[in-house]
Number of protein chains: 2
Amino acid sequence: MSPMAEPSTRAEIVAAADDLFYRQGYAHTSFADIASVVEISRGNFYHHFKSKDEILDAVIAARIAETERMLARWEHAAKGSADCIRSFIRLLVANRGDIKRFGCPVGTLSAELAKLDHPAQPGANQLFILLRTWLAKHFAQLGRKPDADALALHLLARSQGVASLANAFHDEAFIRREVRLMEEWLDREIS
Amino acid sequence: MSPMAEPSTRAEIVAAADDLFYRQGYAHTSFADIASVVEISRGNFYHHFKSKDEILDAVIAARIAETERMLARWEHAAKGSADCIRSFIRLLVANRGDIKRFGCPVGTLSAELAKLDHPAQPGANQLFILLRTWLAKHFAQLGRKPDADALALHLLARSQGVASLANAFHDEAFIRREVRLMEEWLDREIS
DNA sequence: GTCTATACTGAGATAGAC
DNA sequence: GTCTATCTCAGTATAGAC
């Protein structure tokens with residue numbers, strides 16, 4: 001363990017794999033792809049990871065940690081629960097460039113692992129669960145306790161659908177339009 | 001060309017590939033997988049299709065033709081445009097078993113080809129365009145000509161999102177709930 | 001001793017010859 | 001319709017560098 005002076009090779013591998021898994025998909029990304037980004041030899045990173053699945057686990061763990069930090073930042077910056085939910089909705093706009101080109105990182109990974117029937121599916125779905133419970137918590141705080149989870153799932157589904165079609169049609173204007181509709185929906189639901 | 005007494009070998013290959021591409025994904029399905037379903041040798045296979053990409057093209061063409069037939073059936077059975085749009089919404093319920101397990105065949109193929117940066121992307125998106133223009137046509141006939149395309153895209157996105165999350169969480173009840181919300185939305189929009 | 005690099009094996013895939 | 005060439009990939013063995 002080096003005392004975090006520079007990013008460790010392991011962390012570089014995870015970061016590169018994270019990026020490539022998002023842009024190319026998990027199955028379509030080879031060790032050689034990752035190695036060429038990190039600029040290490042291909043055989044080398046068996047010292048850090050025993051298998052490709054282990055890298056995937058590390059990438060998922062990193063994404064979960066990053067998502068938790070993002071949610072905490074939103075809660076810190078927001079005035080209340082309605083603002084928190086708005087931050088989630090606006091994430092689509094903030095990331096519209098990547099979403100247009102590569103889709104939603106959560107949804108596309110979950111869909112790919114489902115088709116591969118991959119053992120890491122529960123881990124990938126943990127990202128969905130994280131967002132689902134966080135959104136439900138804030139809907140409950142806005143007085144929608146009985147159907148907080150249903151509202152959370154509804155909003156998650158809406159944003160997933162927007163990401164899918166924005167990706168298929170490469171349409172950023174569509175993202176902005178749907179984000180406005182979701183904000184109006186939110187205002188109606190919590191008024 | 002045999003006079004359609006029995007399904008031709010070529011049609012059997014396309015049907016098997018269609019099914020496997022849906023359930024396993026395109027990249028993860030090999031010639032051997034398809035050949036073992038159709039029970040032909042790989043050499044015979046090569047007589048009908050020169051490459052895997054060619055099979056994909058044939059599968060996409062078959063899906064487009066099948067979708068066009070489905071839309072025509074809906075129009076024939078429906079009382080009016082509102083009924084047509086309801087048929088589209090209820091497709092989620094009709095196919096809920098497959099959607100729960102494998103997602104939406106249109107959306108998952110489009111997403112996979114996007115990640116692979118595959119040349120057949122435009123063909124796969126043609127399926128989306130087919131639904132989009134068909135829905136927009138019926139919204140226009142219901143007096144929503146100015147925003148008919150936006151309404152069509154909105155509904156397409158909603159159903160894509162429902163399929164994605166139903167697949168991730170393996171939740172059929174969620175599909176039924178969201179379908180009801182979409183039907184209520186439709187009633188409001190066209191009233 | 002921690003990290004890195006080179007060389008190799010075997011599985012599974014497409015493509016194609018015969 | 002069998003049989004083979006070739007390619008890419010994950011994974012391993014092992015030795016060298018700091």
Novice: What is the distance, to the nearest angstrom, from the CD atom on A:Glu39 to the P atom on C:dA5?
Specialist: 10 Å
Novice: Write down the distance between CG (A:Leu20) and P (D:dC9), rounded to a whole number of angstrom.
Specialist: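 The answer, rounded to whole Å, is 13 Å.
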Novice: According to a strict under-4.0 Å criterion, is B:Ser30 in side-chain N/O contact with OP1 or OP2 of C:dG12?
Specialist: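 No.
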Novice: So does B:Tyr46 reach the base of C:dG16 with its side chain, donor to acceptor, closer than 3.5 Å?
Specialist: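 No such pair is found, so the answer is no.
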Novice: Please determine whether a side-chain nitrogen or oxygen atom of A:His47 lies at a distance below 4.0 Å from atom OP1 or OP2 of C:dT4.
Specialist: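 False: A:His47 side-chain N/O out of range (4.0 Å or more) of C:dT4 OP1/OP2.
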Novice: In this structure, how many angstroms lie between the C1' atom of C:dC3 and the CD1 atom of A:Ile13, rounded?
Specialist: 11 Å
Novice: For A:Asp187, is there an ion pair with A:Arg86 - N to carboxylate O distance below 4.0 angstrom?
Specialist: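 A salt bridge is present here (some side-chain N lies under 4.0 Å from a carboxylate O).
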Novice: Roughly, in whole Å, what's the span from NE2 in B:His28 to C1' in D:dC9?
Specialist: 13 Å
Novice: Starting from P on C:dA15, measure out to CG on B:Asn44 and report it in whole angstrom.
Specialist: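 Between P of C:dA15 and CG of B:Asn44: 17 Å.
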Novice: With a 6.0 Å cut-off on ring centres, are A:Phe88 and A:His138 close enough?
Specialist: no
Novice: Quick one: B:Phe49 CZ to C:dG16 C1', roughly how many Å, whole number?
Specialist: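 After rounding, the reported distance stands at 18 Å.
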Novice: Quickly work out the B:Leu56 CG to C:dT14 C1' distance and round it to whole Å.
Specialist: 15 Å
Novice: Less than 4.5 Å apart, any side-chain heavy atom of A:His47 and any of A:Thr9?
Specialist: no
Novice: Expressed in angstrom and rounded to an integer, what is the separation of A:Phe45 atom CZ from D:dC9 atom C1'?
Specialist: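 Rounded to the whole Å, the gap is 11 Å.
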Novice: Rounded to the nearest 0.5 Å, how far does CZ of A:Arg158 lie from CG of B:Leu181?
Specialist: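 CZ of A:Arg158 is found 9.5 Å from CG of B:Leu181.
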